[in-house]
Amino acid sequence: MPVAAPERDLRAVALSSREYEVILEKLGREPNHLELGMFGALWSEHCGYKTSKPLLRDLPSSGPGVLQGPGENAGIVDIGDGLAVVFKIESHNHPSAIEPYQGAATGVGGILRDVFAMGARPIAVLDSLRFGIPDGGRNRYLFQGVVAGIGGYGNCFGCPTVGGEVYFDDGYADNPIVNAMCVGLVRSDRIRTARADRTGDILLLVGADTGRDGIHGATFASVELDEGSHTRRPAVQVGNPFLEKLLCEACLQLNELEEVTAIQDLGAAGLTSAACEVAHRGGRGVDLDVARVSRRERGMTAYDVMLSESQERMLVVIQPGGETKARAIFDAFELHADRVGRITSDRRVRVRDGRDVAADLPLSALVDGVPLRTPPSAPGPPPTSVPVPPLVDPAATLLQMLARPNLRSRRPIFRTYDHQVQDNTVFGPGFDAALLRVPGTNKGLALTTDGNPWYVALDPYAGTRAAVAEAARNIVCTGARPLAVTNCLNFGNPDRPHVFWQLQESVRGLADACRAFELPVVSGNVSLYNETSGRNIPPTPVIGMVGLLEDLSLRCPAGFRRAGDLIFLLGDTREELAGSEYSRLFASAGALGVGEGPAARDAGEPPRVDMAAERDLHNAVLAGIARGIVRSAHDVAEGGTLVALAEAALFAGLGVQCPALSSGASPAATYFGESQGRIIISVEPRRVPELRSILTSQRVPAHALGVVGGDELQVGPVRLSLDRVRQAWETPW
């Protein structure tokens with residue numbers, strides 16, 4: 001009878017005793033050391049999705065324009081004119097917690113490879129970041145290192161970082177969230193999938209030499225962190241953006257060769273994942289010889305080579321007759337390529353080390369055989385109400401709010417990123433959504449990432465619906481119509497019942513919201529076990545969204561455009577302060593941000609989302625922009641109406657004169673509440689009747705606020721110079 005593997009061996013590859021028993025059943029024997037490592041990598045949460053896969057099946061993933069949904073390196077949506085947009089978001093949380101610069105840099109490198117592996121040229125990077133409060137020490141070290149890593153890799157590669165979000169909460173002090181999204185363009189007839197379906201095709205490993213960096217990276221990303229996690233530093237990859245640029249250009253030229261069958265990047269689990277998955281997708285097998293792999297370290301074993309996650313490597317599957325053409329391209333970019341194997345018909349993976357067989361496994365067991373799991377699920381303690389003090393001085397409160405880390409200007413951050421390279425950026429970072437021109441057309445792509453962990457902590461279902469709605473509003477504010485979604489679900493340890501319940505409810509909210517907006521989810525990533533020594537991160541689903549603007553000349557800015565224009569608030573304000581930046585400003589000192597306590601996280605219900613009203617709002621704003629009626633549009637989000645008015649004024653350097661803000665809610669909710677489904681717009685006076693006609697037809701409530709002009713922010717009792725407002729907003733980091 002087979003004996004159980006030593007517990008320490010299973011821990012090293014993040015496998016449970018039950019999973020090891022399943023491996024024994026599938027193989028009918030004990031796996032050797034390499035085979036166990038391969039199972040550990042492909043059965044990890046990061047690669048196998050064994051906890052989240054049953055939930056993700058509920059997400060809508062098809063639609064009229066979807067050319068490729070989940071299951072490939074990235075999703076693809078048709079945008080007309082023979083072009084398609086390719087995009088995906090992924091996490092690099094654990095590596096960034098250990099080595100912030102390289103963790104973030106290689107996160108960017110990995111998502112770039114996912115896009116150009118599909119035959120697309122990367123045109124934009126966005127990020128979604130969460131850190132502990134940047135008050136010094138390790139939090140600031142992680143914050144600065146991650147920002148530098150994103151800028152360092154993207155700038156050197158030559159892909160603009162055009163948008164994203166950065167938020168702070170003590171819940172991320174030990175475990176930052178680092179999500180990177182990449183968007184690319186491809187001709188619809190040149191889309192490349194990672195599917196090797198021809199027996200006899202050869203495998204070329206192209207790019208960097210293979211080293212020991214990143215070994216066990218996939219399993220490292222699938223376990224919680226602890227005080228000893230610094231010893232995992234060798235599991236963090238090291239990036240070379242200049243080499244990746246050469247690799248990208250070579251792969252894009254390679255994509256023009258008819259003899260190329262598939263291109264697959266080497267990311268998590270390295271050669272194991274790339275070779276096994278590309279063969280399995282095509283219903284074939286693969287035979288590899290690791291002795292042919294170029295190495296940058298001596299003494300590397302077959303285990304090291306198969307599980308290394310060294311960066312800047314691609315696996316190219318090509319018909320034998322095309323190898324000479326492919327090598328000519330590699331030579332032109334001074335890239336070497338190793339012929340490391342071939343595609344077989346037996347649906348197995350054989351790993352040879354010269355003449356010795358190091359591993360021999362059925363691909364069905366290795367790739368699809370991971371036992372799915374459904375941990376116990378239970379909600380946490382019920383929310384409790386926490387009194388929020390009445391608003392006494394709106395002007396002073398506004399200045400306090402604008403100076404807070406979660407609301408102040410991100411300019412010092414995004415100025416470290418080159419957001420103009422490639423010369424397609426129309427709206428860069430810092431606004432509701434980025435906007436890029438589509439070369440060779442008059443179209444534009446609007447891009448955003450959004451997520452509010454405070455809402456999700458209060459109600460994961462409602463909070464995730466709100467994240468989808470906010471992303472769609474941000475896209476709409478540019479004049480673009482939302483097309484499709486990618487998502488990154490960042491949660492704590494799913495073995496804890498309340499965390500798994502949060503994940504379940506969040507996915508349910510994501511599915512319902514995307515169906516309501518008729519938005520397919522075409523790609524995504526799940527990052528679990530974001531826990532350090534028993535402390536879980538706030539639940540953090542991040543929504544990446546892409547929208548299409550058919551006529552770029554109709555683009556709509558977030559800032560006011562001309563003095564004399566009239567300002568309207570579309571949508572209603574309700575008594576909704578739970579989860580808001582205002583409520584956290586006045587919460588007791590403790591664990592949820594600057595001067596914030598645990599009660600602030602657990603208090604009340606988040607702002608509710610009326611999906612039908614949201615759709616009506618989006619349709620009305622898009623119609624107003626398309627007809628040239630709406631001259632500016634800015635989403636009301638974190639900080640509420642007064643903060644949104646201040647931002648729209650600061651974006652343009654134009655003041656605001658509003659006699660009063662009024663609603664049926666309290667002054668605090670009126671000025672700083674974060675009710676969903678609201679957009680501030682500006683309109684030329686003579687076109688107000690046309691606006692009202694559109695709003696009436698779409699049943700969208702509108703509230704006249706005032707007029708654009710002057711050099712002050714005058715809103716009811718608030719009277720501040722724009723210089724004073726800007727000084728608070730640009731509080732130094």
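Predicted, not measured: the structure shown is a model, and the values here were computed from it.
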Write down the atom of [X], the atom of [Y], and the distance for their closest heavy-atom approach.
X: T486; Y: S523; answer: OG1-OG, 2.9 Å
X: A433; Y: F427; answer: O-CB, 3.9 Å
X: L407; Y: G639; answer: CD1-CA, 4.1 Å

Would you give me the side-chain donor-acceptor pairs under 3.5 Å for residues 641-654, sequence neighbours excluded?
from: T641; atom 1: OG1; to: R678; atom 2: NH1; distance (Å): 2.9
from: E647; atom 1: OE1; to: H634; atom 2: NE2; distance (Å): 2.7

Requested in this report: Output yes when R692 and E690 qualify as a salt bridge under the 4.0 Å nitrogen-oxygen rule, no when they do not.
Outcome: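 Salt bridge absent between R692 and E690.
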Query raised in the report: Rounded to the nearest 0.5 Å, how far apart are CG of N179 and OG of S527?
Result: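 Nearest 0.5 Å value for the CG-OG distance: 7.5 Å.
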Side chains of [X] and [Y]: closer than 4.5 Å at any heavy-atom pair?
X: V77; Y: F87; result: yes
X: R686; Y: V688; result: no
X: S91; Y: N490; result: yes
X: L552; Y: L435; result: yes
X: L59; Y: N487; result: yes
X: E638; Y: N452; result: yes
X: R515; Y: D58; result: yes
X: L55; Y: R508; result: no

Requested in this report: Given side-chain contact (heavy atoms from CB on, under 4.5 Å), test I567 with V708 step by step and report yes or no.
Outcome: CA-CA 7 Å; I567 305 169; V708 177; 3.7 Å; yes
Using residues 436-445 as the side-chain source, report each donor-acceptor pair under 3.5 Å to any protein atom, sequence neighbours left out, with the distance given to one decimal.
from: R437; atom 1: NH1; to: D423; atom 2: O; distance (Å): 2.9
from: T441; atom 1: OG1; to: V438; atom 2: O; distance (Å): 2.9
from: T441; atom 1: OG1; to: K443; atom 2: N; distance (Å): 3.0
from: N442; atom 1: ND2; to: D551; atom 2: OD1; distance (Å): 2.6
from: K443; atom 1: NZ; to: I79; atom 2: O; distance (Å): 2.5
from: K443; atom 1: NZ; to: D81; atom 2: OD2; distance (Å): 3.3

Short side-chain donor-acceptor distance under 3.5 Å, [Y] and [X]:
X: T670; Y: T573; value: no
X: N255; Y: R190; value: no
X: Q68; Y: T193; value: no
X: S128; Y: E165; value: yes

Requested in this report: Kindly determine whether S675 and E576 satisfy side-chain hydrogen bond (donor to acceptor under 3.5 Å, both in side chains), including the steps that lead there.
Outcome: CA-CA 6 Å; S675 293; E576 294 175 318; 2.8 Å; yes
Query raised in the report: Does the ring of Y167 carry R130 above it, NZ/CZ under 6.0 angstrom from centre and within 45° of its axis?
Result: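 R130 over Y167 ring: no.
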Determine which pairs satisfy salt bridge (charged side-chain N to carboxylate O under 4.0 Å, His left out) with at least one residue from [range], sequence neighbours left out, and list them in order.
range: residues 558-573; result: D565-R631
range: residues 472-488; result: R473-E614, R473-D635
range: residues 454-471; result: none

Show me the donor-acceptor pairs within less than 3.5 Å that the side chains of residues 710-718 make with the rest of the protein, sequence neighbours left out.
from: E712; atom 1: OE1; to: Q714; atom 2: NE2; distance (Å): 2.8
from: E712; atom 1: OE1; to: R719; atom 2: NE; distance (Å): 2.9
from: E712; atom 1: OE1; to: R719; atom 2: NH2; distance (Å): 3.4

Requested in this report: Determine the interplanar angle of the F414 and H419 rings, folded into 0 to 90°, and report it as parallel if under 30°, tilted if 30 to 60°, perpendicular if over 60°.
Outcome: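 Answer is perpendicular, since the angle exceeds 60°.
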Requested in this report: Verify the neighbour count for atom CD of E518: are there more than 12 heavy atoms of other residues, nucleotides or ligands below 6.0 Å?
Outcome: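 Count not over threshold, so no.
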Query raised in the report: Taking everything shown except R411 itself, do over 12 heavy atoms lie less than 6.0 Å from its CZ?
Result: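 Atom CZ in R411 is not crowded, with 12 or fewer foreign heavy atoms closer than 6.0 Å.
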Query raised in the report: Run the salt bridge (charged side-chain N to carboxylate O under 4.0 Å, His left out) check on R584 and E581 step by step: do they pass?
Result: CA-CA 5 Å; R584 292 194 301 280; E581 194 71 17; 2.2 Å; yes
